[in-house]
Amino acid sequence: MTTVLFRGVALLLVLQVYAVRNCHRGCRCEVESFGLFDSFSLTKVDCSGVGPSASATPIPIPLDTAHLDLSSNAIAAISTSMLSGPGYTTLVSLDLSSNLIVRVGNDAFSRLRYLETLDLSQNALEELTDGCFSGLPLSEVDLSDNRLGELRLSVFSAKGQGRPLSVDLSNNLLTSVTTGPPGNLPNIQSLTLVGNRLQKVPNLRGVALRYLSLDSNPITSIEEDAFWGLGDLVHLSLSSLSELTAIWPGAYHELRSLQVLDLSKNPQLTSLDPEVFSGLVSLQELNLSHSGIDFLPNNIVNHLPSLRSVSLRANVHCWKAYKQGQFHRQLGQAKSDEVLTCDITGIIL
Ligand SMILES: *[C@@H]1O[C@H](CO)[C@@H](O)[C@H](O)[C@H]1NC(C)=O
């Protein structure tokens, strides 16, 4: 009986994939439909590796395309005309990774009013024009492996005010329509800036970020309030910062939602004042492996009430435990009976 029921459910949810006719030469177009009576469908167009023809005129794509992959096409500049035309206005995700993009025209993405995911990784971007991401409901942006020396908040904000929403979306197969956040505040939840030329933490004040990675940048120090205004951040990656020598007390004190902090592979980071961790009330995981920090002060737990594990050196793991014989504590009391224990001794000072 259960199996029959299970099969029935599986049948309803089965994903149907079929190819689209009139797909541009060299691209692969697929419609995925799912749900009861195929009530939802998504068109995916993969034009990766089509060649330089991709950058001339817009590649014709089916009218209701949601995902477009233009990666690995030797595209050098993004212009408005390249990303306009039927089918483009409904894009929810766009992959432009592994091209040769040096420049993004400031209106290049302006027609992509439903764009939530943008991948510009592995290009040659040196600078982004103010407003180039404005008015887009972006939630995930990947700018890894470019040559960005800075990222100004103004790339996300409009020059004028929000654009009028005048797109006709009738007779489409859209499964969801998201509008941008009110005002000019970007709604980006995930931002990846790995492998750029940032020398300091960019000011992202007020962005609703939940995930941020600044790995492999030439950042030398992290100042007090560097992450000011990022109270929603859950995961922060600051790994492989080969020039990082100092993190100042108060650097993280706004990050009350942060659960994971990755400080691994920072060999020049040799000491950390426990005050550095003040404010990290939700932090569960701290990664200091392959960093210059080999020992931990025990009072670190006073600042990190939610801490579960710390990784250190090459393969040392520490976790929070209660001092023997003191298993109960009253709610709201200082957790002075909690200590850090590691799988080898001599780590905790
Ligand atoms: C800590 O960082 C190292 C190096 O980046 C990584 O290999 C490891 O998986 C991380 N550990 C945890 C617990 O995330």
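Quick caveat, the model's predicted, so the values are computed rather than measured.
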- Query: Of all residues at least two apart in sequence or in a different chain, which pass the side-chain hydrogen bond (donor to acceptor under 3.5 Å, both in side chains) check with Ser239?
  - Reply: Ser264
- Task: Sequence neighbours left out, what pairs pass side-chain hydrogen bond (donor to acceptor under 3.5 Å, both in side chains) with at least one residue falling in residues 95-104?
- Result: Asp95-Ser97
- Message: Donor-acceptor pair, distance only, cut-off 3.5 Å: does the side chain of Lys320 make one with the backbone of Pro305?
- Response: yes
- Task: Not counting sequence neighbours, which residues clear side-chain hydrogen bond (donor to acceptor under 3.5 Å, both in side chains) with His235? List them please.
- Result: none
- Message: If the condition is salt bridge (charged side-chain N to carboxylate O under 4.0 Å, His left out), which residues does Arg28 pass it with, not counting sequence neighbours?
- Response: Asp46
Do any side-chain atoms of residues 273-280 form donor-acceptor pairs under 3.5 angstrom with protein atoms, and if so which ones, sequence neighbours left out?
unit_1, atom_1, unit_2, atom_2, d
Asp273, OD1, Glu275, N, 2.8
Ser278, OG, Glu275, O, 3.3

- For Ser144, which residues count as a side-chain hydrogen bond (donor to acceptor under 3.5 Å, both in side chains) partner, sequence neighbours excluded? Asp142
- From CA spacing to verdict: side chain to side chain contact (heavy atoms under 4.5 Å, CB included), Leu193, Leu151: CA-CA 9 Å; Leu193 284 161; Leu151 184 75; 4.0 Å; yes
- Task: Using side chain to side chain contact (heavy atoms under 4.5 Å, CB included) as the criterion, list what pairs up with Val102, not counting sequence neighbours.
- Result: Ala124
- Message: Could you check whether any side-chain N or O of Arg152 sits under 3.5 Å from a backbone N or O of Leu128, counting only pairs where one atom can act as donor and the other as acceptor?
- Response: yes
- Item | Partner set under salt bridge (charged side-chain N to carboxylate O under 4.0 Å, His left out) for Arg147, not counting sequence neighbours | Glu126
- Does Arg313 count as lying over the ring of Phe295, i.e. NZ or CZ under 6.0 Å from the six-ring centre, within 45 degrees of the axis? yes
- Message: Going by the rule side chain to side chain contact (heavy atoms under 4.5 Å, CB included), which residues pair with Ser139 if we only count those two or more places apart in sequence or in a different chain?
- Response: Glu116, Gln189
- Message: Using the salt bridge (charged side-chain N to carboxylate O under 4.0 Å, His left out) criterion, which residues pair with Glu254? Sequence neighbours excluded.
- Response: none
- Message: With a 4.5 Å cut-off on side-chain heavy atoms, are Leu258 and Phe227 touching?
- Response: no
- Would you call Ile101 and Leu96 a side-chain contact if the rule is heavy atoms closer than 4.5 Å? yes
- Is there a donor-acceptor contact under 3.5 Å linking the side chains of Ser237 and Asp215? yes
- Mind checking what makes side-chain hydrogen bond (donor to acceptor under 3.5 Å, both in side chains) contact with Ser72, not counting sequence neighbours? none
- Residue list, salt bridge (charged side-chain N to carboxylate O under 4.0 Å, His left out) with Glu223, at least two apart or on another chain: none
- Task: Assess whether side chain to side chain donor-acceptor pair (under 3.5 Å) is satisfied between Asn106 and Thr129, documenting all intermediate values.
- Result: CA-CA 6 Å; Asn106 61 355; Thr129 324; 5.9 Å; no
